[in-house]
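Scroll down for the structure; my scribbles are underneath it.
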Amino acid sequence: MNFSKEIIQWYFQNKRDLPWRKTKDPYRIWLSEIMLQQTRVAQGLPYYEKFTEVFPTVYDLAKAEESQVLKLWQGLGYYSRARNLHYTAKDIVNNYNGEFPSSYSALLKLKGVGDYTASAIASICFDEIAPVVDGNVYRVLARYFDVDLPINSTEGIKMFKKLAFEVIDHDDPANFNQAIMEFGAVQCKPQSPYCIICPLASSCLGLKNQHVTTLPVKLKKTKVKNRWFNYIVIVSNQEETLLEERKGKGIWQGLYQFPLVETDKAVDDIEQHQLEIEEMIALKDVSITQFNQKPIIHKLSHQHLHTTFWVVETTNSLKNGIPLQEIRKYPVPILIGNFIEAFDF
DNA sequence: AAGGCGGGGCA
DNA sequence: TGCCCAGCCTT
């Protein structure tokens with residue numbers, strides 16, 4: 001049996017029972033694929049359940065407020081996915097009569113839909129012979145064919161796409177694509193793959209040449225930048241606080257946070273920032289107390305945020321204050337969400 | 001071509 | 001701790 005038939009057979013015997021495998025509705029397949037970008041199935045699953053419940057159709061998603069979409073997305077990360085998701089839902093409703101396009105090349109035009117996602121939807125929903133190449137596929141192909149081209153080099157990307165075109169099953173591209181990804185996730189795992197019980201072991205070149213543990217090859221890691229965040233948490237006796245929306249470029253675009261003072265090192269004397277803070281929150285002569293003695297280090301893949309929360313109590317009324325009862329309605333990064341849960345307003 | 005963009009799980 | 005995860009967009 002050849003590579004693709006073997007993979008598909010393995011899939012039929014080992015596939016997990018996942019909700020998006022019970023449908024060919026392009027809306028739901030699209031939704032699941034966006035959510036699973038750079039995200040494990042276990043992490044994305046509860047979000048998929050929530051979204052399909054709240055937004056059963058693309059029309060429901062299109063008519064929602066972006067802040068509601070972001071709120072439901074809260075905790076999943078890479079929030080531009082959520083913004084693009086909402087944008088494309090409106091695009092589908094307004095410009096495609098509510099119907100997703102049915103070809104790889106047409107799907108590729110949608111915002112937030114790249115080579116992988118267009119291939120996934122085209123094959124799963126419309127049986128187009130469009131091979132997917134995600135992290136799992138890179139690993140399976142690199143090992144099986146013993147290819148040490150870096151998977152994130154231009155040449156590597158071209159080569160693995162070519163290999164994927166050569167192995168994709170023309171009779172059943174939908175199941176083949178899901179099969180090779182599932183095989184990578186469950187059997188040909190990054191760490192300690194089950195080569196002993198692998199149905200492809202006899203023809204796997206990486207295994208034969210003892211390269212399994214070093215494949216796939218990936219170029220350099222991202223350098224981590226350190227940043228120091230000081231959040232000003234206002235507690236007014238009128239049951240209000242201040243939140244601001246993060247705009248422009250950078251992390252957490254569109255999410256809310258407390259007023260922020262970013263410094264280039266840890267703050268040891270808050271009085272040096274007293275005036276700056278008072279101007280920012282439009283209050284005078286406030287007393288500032290430190291909530292956490294040691295900075296909370298919130299780790300993103302490319303930034304470490306050394307975060308201190310400073311509490312300001314006031315009896316004055318706030319300009320643009322929000323009622324404390326409504327604080328949980330705002331989409332916030334996990335760092336802020338954790339604080340809100342820990343801090344007894 | 002390279003860098004930015006989250007949060008969590010695992011060895 | 002470092003690496004990886006059903007990648008995409010911007011510069």
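It should be emphasised that the depicted structure is a prediction, and the values quoted were computed from it without experimental measurement. We name chains A, B, ... by the order of the sequence lines, and we start the count at 1 in each one.
Of the candidates B:dG6, C:dC5, B:dG7, B:dG7 carries the atom nearest the A:H298 side chain, counting heavy atoms from C-beta on. Listed nucleotides: B:dC5, C:dA6, B:dG7. Nearest to the side chain of A:Y78: B:dC5. Set against C:dC8, C:dC4, B:dG6, the side chain of A:Q43 has B:dG6 as its closest nucleotide. With distances taken from any side-chain atom of A:L300 to the nucleotides C:dC9, C:dA6, B:dG6, the minimum falls on B:dG6.
Heavy atoms of A:G250 sit under 4.0 angstrom from primed sugar atoms or phosphate atoms, though from no base atom. Using a 4.0 Å heavy-atom cutoff across all strands shown, A:V113 reaches sugar-phosphate atoms only and no base atom. Among the atoms of the strands shown, base atoms are found under 4.0 Å from some heavy atom of A:W20. Within 4.0 Å (heavy atoms only), A:L76 reaches at least one base atom of the nucleic acid. Within 4.0 Å (heavy atoms only), A:G44 reaches no atom of the nucleic acid at all. Counting any heavy atom pair closer than 4.0 Å across all strands shown, A:S80 reaches no nucleic acid atom. When heavy atoms are screened at a 4.0 angstrom cut-off, A:N177 is found touching no nucleic acid atom at all.
If you measure from atom CG of A:L108 to atom P of C:dG7, you get 16 Å, rounded to the nearest angstrom. For A:K223 and B:dG4, the NZ to C1' distance is 14 Å, given to the nearest whole Å. Taking atom CD1 on A:I34 and atom C1' on C:dC9, their separation rounds to 12 Å, with Å as the unit. Computed from coordinates, the A:L85 CG to C:dC9 P distance equals 13 Å when rounded to whole Å. In this structure, A:H304 atom NE2 and B:dG6 atom C1' are separated by 12 Å, rounded to whole Å. Atom P of nucleotide C:dG7 and atom CG of A:L36 are separated by 8 Å, given to the nearest angstrom. The CD atom of A:Q191 sits 13 Å away from the P atom of B:dC10 (whole-angstrom rounding).
Applying the 4.0 Å criterion to OP1 and OP2 of B:dG4, one finds that A:H302 has every side-chain N and O outside that range. For the OP1/OP2 pair of B:dG7 and a distance below 4.0 Å, the side-chain nitrogens and oxygens of A:W252 include at least one atom meeting the criterion. The phosphate of C:dA6 (OP1 or OP2) has no side-chain N or O of A:Y138 nearer than 4.0 angstrom. At C:dG7, one or more side-chain N or O atoms of A:Q38 fall inside 4.0 Å of OP1 or OP2 (strictly under the cut-off). In terms of phosphate contacts, A:Q303 brings a side-chain nitrogen or oxygen within less than 4.0 Å of OP1 or OP2 of B:dC5. Taking only side-chain nitrogens and oxygens, A:T117 comes nearer than 4.0 Å to OP1 or OP2 of C:dC8.
A:F165 does not carry A:K162 over the face of its six-membered ring by the limits of under 6.0 Å from the centre and within 45° of the normal.
A salt bridge is absent between A:K5 and A:D172: the closest approach of a Lys/Arg side-chain nitrogen to an acidic carboxylate oxygen does not fall below 4.0 angstrom. A:R143 has no carboxylate O lying under 4.0 Å from a charged side-chain N of A:D146, or vice versa, which leaves the two without a salt bridge. Salt bridge present: A:D115 and A:K161 bring a charged side-chain N and a carboxylate O closer than 4.0 Å. Using a 4.0 Å cut-off between charged side-chain N and carboxylate O, A:R83 and A:E66 make no salt bridge.
With hydrogens and angles ignored, no donor-acceptor pair under 3.5 angstrom links the side chain of A:R81 to the base of B:dC5. For a distance-only test at 3.5 Å, the side chain of A:T39 qualifies as a donor-acceptor partner of the base of B:dG6. Side-chain N/O atoms of A:S301 and base N/O atoms of B:dG6 include a donor-acceptor pair closer than 3.5 Å. If you check distances only, the side chain of A:R21 does reach the base of C:dA6 with a donor-acceptor pair under 3.5 Å.
Each of A:N84 and A:N136 was assigned the nucleotide of DNA chain C with the nearest heavy atom; the assignment lying further toward the 5' end belongs to A:N136. Heavy-atom nearest nucleotides on DNA chain B were determined for A:K299 and for A:T154, and the one closer to the 5' end corresponds to A:T154.
Two residues are said to be in side-chain contact when any heavy atoms from C-beta on lie closer than 4.5 Å; A:L76 and A:T39 meet this criterion. Inter-residue side-chain proximity for A:Y144 and A:L207 is flagged as unmet; no heavy-atom pair is nearer than 4.5 Å.
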